[in-house]
Number of protein chains: 2
Amino acid sequence: MAGRAAVPEVIWSRPERTGRGPRPAYSRADIAAAAVKIADAEGLDAVSMRRVAGELGCGTMSLYNYVPRKEDLYELMMDAVSGEHELWEPSGDWRADMIRVAHQTRELMHRHTWLPRLMSPVYGFSPNALRYLEHCLACLDPFEGPYGTKMELVAMVNGVVTTCVGNEIATAERTRSLPWSEEQENAARIAYLGRQVASGAYPRLAASFAEDAGPIDLEGVFERALTRVLDGFA
Amino acid sequence: MAGRAAVPEVIWSRPERTGRGPRPAYSRADIAAAAVKIADAEGLDAVSMRRVAGELGCGTMSLYNYVPRKEDLYELMMDAVSGEHELWEPSGDWRADMIRVAHQTRELMHRHTWLPRLMSPVYGFSPNALRYLEHCLACLDPFEGPYGTKMELVAMVNGVVTTCVGNEIATAERTRSLPWSEEQENAARIAYLGRQVASGAYPRLAASFAEDAGPIDLEGVFERALTRVLDGFA
DNA sequence: GCGCACTACGTACGCTGTACGTAACTAGGA
DNA sequence: TCCTAGTTACGTACAGCGTACGTAGTGCGC
């Protein structure tokens with residue numbers, strides 16, 4: 001009964017195909033693609049084992065042959081989107097390369113808005129994540145310093161991107177046309193906030209809101225945040 | 001039927017007590033405390049409506065009189081821990097004050113390890129969160145620049161803290177004694193990682209792991225990250 | 001060709017959030 | 001003072017979740 005492992009394993013240490021028994025009908029890539037498609041279209045909460053199985057066209061429990069636990073499905077999804085990173089020959093200018101990496105990650109997160117929510121140090125060791133990390137380190141070859149510092153730099157850049165995109169997505173959803181219920185909720189939230197600020201209990205917050213009514217330059221915020229972090233390492 | 005609002009509201013815009021009907025048996029503070037207690041002891045996933053109601057000693061559905069949706073329970077939790085922030089008279093040195101704020105937030109997150117997972121721009125407008133934000137802005141009074149930049153600074157500091165503590169908690173859980181199953185899972189994960197790195201496909205990653213086998217100085221990583229971000233604004 | 005390891009999948013269990021109905025209670029208006 | 005509307009309290013019920021388990025059917029390695 002190797003199929004139902006008593007000992008928890010990492011999905012990547014299991015071979016995708018063992019050679020015995022019928023050919024698996026789906027590949028891990030198929031499954032990841034189905035899950036990602038659902039998450040992109042309907043949000044991460046819509047990704048259930050039943051739903052993914054339905055998308056693939058197989059029974060719910062058949063999915064458990066490929067994916068022992070739901071957490072492993074997330075792992076597959078994270079790996080799949082990690083694979084969307086375009087890798088290039090490092091230019092020799094680590095700063096420029098890291099900026100390019102950061103922009104690419106940002107675009108990735110905008111394409112898959114569920115990504116920031118799933119971002120966690122746990123998922124950092126899938127094959128495509130390792131390739132991505134190796135690429136970052138290659139870009140940092142010209143960077144003078146120990147690998148420990150390079151790792152910190154990569155982590156910080158990823159952190160900044162995650163934080164910024166998290167904010168960007170939140171404000172985007174606040175602006176976008178929403179189902180009535182969510183629309184109303186946002187309205188209620190903003191109305192409440194306005195009332196609080198107007199109450200005079202938070203003078204600086206009030207001043208901050210009064211300061212500039214122009215649209216927020218999210219692109220600029222991201223660029224500045226990134227620059228500042230890289231400056232900190234230079 | 002105001003009790004069952006058809007229009008979604010922010011919980012903070014509802015008065016805790018209306019005056020009509022029987023006295024509520026519990027305060028929002030009671031409920032938040034119960035939920036936080038459970039989350040601290042057994043993790044965020046253990047926080048269910050039934051469980052919190054049980055902790056309070058009331059029926060499950062009674063809880064819905066106080067908390068219309070589970071999301072509002074999270075909002076209560078976030079507000080409660082925001083209230084744990086100790087506020088002080090700004091020193092006049094915004095850098096020192098922000099470092100102090102960051103350290104306090106970090107300690108808060110270590111006390112409540114579920115906090116990074118719940119951290120989201122959505123929960124930034126509860127009463128205690130507003131007090132905290134106002135306090136940060138007060139600390140930044142000596143900072144020369146528009147409020148927009150101050151807000152960015154606060155967001156960046158919070159982002160850094162969240163990112164770092166997320167890593168800290170992950171490595172802590174990797175070290176801590178765990179239930180056998182999770183222990184085995186970590187072992188499997190590390191074994192797999194070791195095999196991959198040893199395969200030679202990721203030379204820089206291998207070099208990074210070989211570089212220093214000493215224990216990671218998480219405190220130092222946090223300190224450096226914070227310093228770099230603040231440097232970026234100075 | 002035999003047997004075993006694998007795929008496929010239906011059923012079932014315990015858990016979740018929560019809609020809804022009902023009974024008890026209490027403060028405000030007549 | 002009593003009436004009644006708005007509240008609290010909570011049991012029942014439902015749809016959905018992750019997944020343990022049992023049972024067929026299939027095809028590779030010996």
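Numbers restart at 1 for each chain; the letters A, B, ... are given by sequence-line order, proteins then strands.
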Asker: Quick test of your reading of the model: are B/R106 and B/E219 salt-bridged, counting only N-O distances below 4.0 Å?
Answerer: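 B/E219 and B/R106: salt-bridged.
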Asker: Of all the nucleotides listed (C/dT16, D/dT8, C/dC6), which has the minimum atom distance to the side chain of A/T18?
Answerer: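 Of the candidates, C/dC6 comes closest.
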Asker: Figure out the CZ/P separation between A/R17 and C/dA5, and round it to whole Å.
Answerer: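 That distance rounds to 16 Å.
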Asker: Need to verify one output field. Residue with the more 5' nearest nucleotide on DNA chain D, A/G21 or A/V47?
Answerer: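 The answer here is A/V47.
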Asker: From C-beta outward on B/M61, which listed nucleotide comes closest to its side chain: D/dG11, C/dT7, D/dG18?
Answerer: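 Of D/dG11, C/dT7, D/dG18, D/dG11 is nearest to the side chain of B/M61.
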Asker: In this structure, how many angstroms lie between the P atom of C/dA8 and the CG atom of A/L56, rounded?
Answerer: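 Interatomic distance, CG of A/L56 to P of C/dA8: 11 Å.
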Asker: Going through the distances and angles, do A/R28 and A/E75 end up as a salt bridge (Lys or Arg N to Asp or Glu O under 4.0 Å)?
Answerer: CA-CA 11 Å; A/R28 279 179 188 161; A/E75 187 117 22; over 6 Å; no
Asker: Inspect the surroundings of CZ in B/R17 and state if more than 12 heavy atoms from other residues, nucleotides or ligands are less than 6.0 Å away.
Answerer: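 Above 12, so yes.
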Asker: As a test of reading the structure: which of D/dT8, D/dC28, D/dA13 is closest to the side chain of B/P22, going by heavy atoms?
Answerer: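 Nearest nucleotide to the side chain: D/dT8.
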Asker: Could you check how far CZ of A/R51 sits from P of D/dG18, rounded to whole Å?
Answerer: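 Taking CZ of A/R51 and P of D/dG18, I get 12 Å after rounding.
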Asker: If a pair satisfies salt bridge (charged side-chain N to carboxylate O under 4.0 Å, His left out) and one of its residues is in residues 43-68 of chain A, list it, with sequence neighbours excluded.
Answerer: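 Qualifying pairs: A/K37-A/E55, A/E42-A/R51, A/D45-A/R117, A/R51-A/E55.
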Asker: What's the NZ-P distance between A/K70 and C/dC15, to the nearest Å?
Answerer: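 Rounding to the nearest Å, NZ of A/K70 and P of C/dC15 are 19 Å apart.
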Asker: To the nearest angstrom, how far is A/E42 atom CD from D/dG16 atom P?
Answerer: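 Distance check: A/E42 CD to D/dG16 P gives 13 Å.
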Asker: Looking only at the side chain of B/N65 (C-beta and beyond, no hydrogens), which of the listed nucleotides D/dG18, D/dT8, C/dT18 gets closest?
Answerer: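 For the B/N65 side chain, the nearest candidate turns out to be D/dT8.
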Asker: Quick one: on DNA chain C, does A/P24 or B/Y74 contact a more 5' nucleotide (nearest heavy atom)?
Answerer: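 The answer here is A/P24.
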Asker: Please report, rounded to the nearest Å, how far the C1' atom of D/dA20 is from the CZ atom of A/R69.
Answerer: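 Taking atom C1' of D/dA20 as the reference, CZ of A/R69 is at 15 Å.
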Asker: What is the distance, rounded to the nearest whole Å, between atom CD1 of B/I31 and atom P of D/dT8?
Answerer: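 Interatomic distance, CD1 of B/I31 to P of D/dT8: 10 Å.
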Asker: For D/dT8, does OP1 or OP2 lie under 4.0 Å from any side-chain N or O of B/S62?
Answerer: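 Answer is no, no contact under 4.0 Å.
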Asker: Residues two or more places apart in sequence or in another chain: which of them pass side-chain hydrogen bond (donor to acceptor under 3.5 Å, both in side chains) with A/T60?
Answerer: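 Partners of A/T60 by the side-chain hydrogen bond (donor to acceptor under 3.5 Å, both in side chains) criterion come out as none, since no residue qualifies.
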Asker: Just compare C/dT26, D/dC10, D/dT19 and give me whichever is closest to any side-chain atom of B/C58.
Answerer: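 The nucleotide sitting nearest to the side chain is D/dC10.
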Asker: Measure from the side-chain heavy atoms of A/Y64 and tell me the nearest of D/dT19, D/dT8, C/dT18.
Answerer: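 Selected nucleotide (nearest to the side chain): D/dT19.
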Asker: Rounded to the nearest angstrom, tell me the gap between atom CG in B/L63 and atom P in C/dG17.
Answerer: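 In whole Å, C/dG17 P lies 10 Å from B/L63 CG.
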Asker: For A/Y66 and C/dA8, is the shortest distance between a side-chain N/O and OP1 or OP2 below 4.0 Å?
Answerer: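 Indeed, a polar side-chain atom of A/Y66 lies that close.
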Asker: Do B/R50 side-chain and C/dG17 base share a donor-acceptor contact under 3.5 Å?
Answerer: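 Such a pair is found, so the answer is yes.
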Asker: Both A/G57 and B/S48 contact DNA chain C. Taking the nearest nucleotide for each, which residue is further toward the 5' end?
Answerer: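 Its nucleotide being nearer the 5' end, the pick is A/G57.
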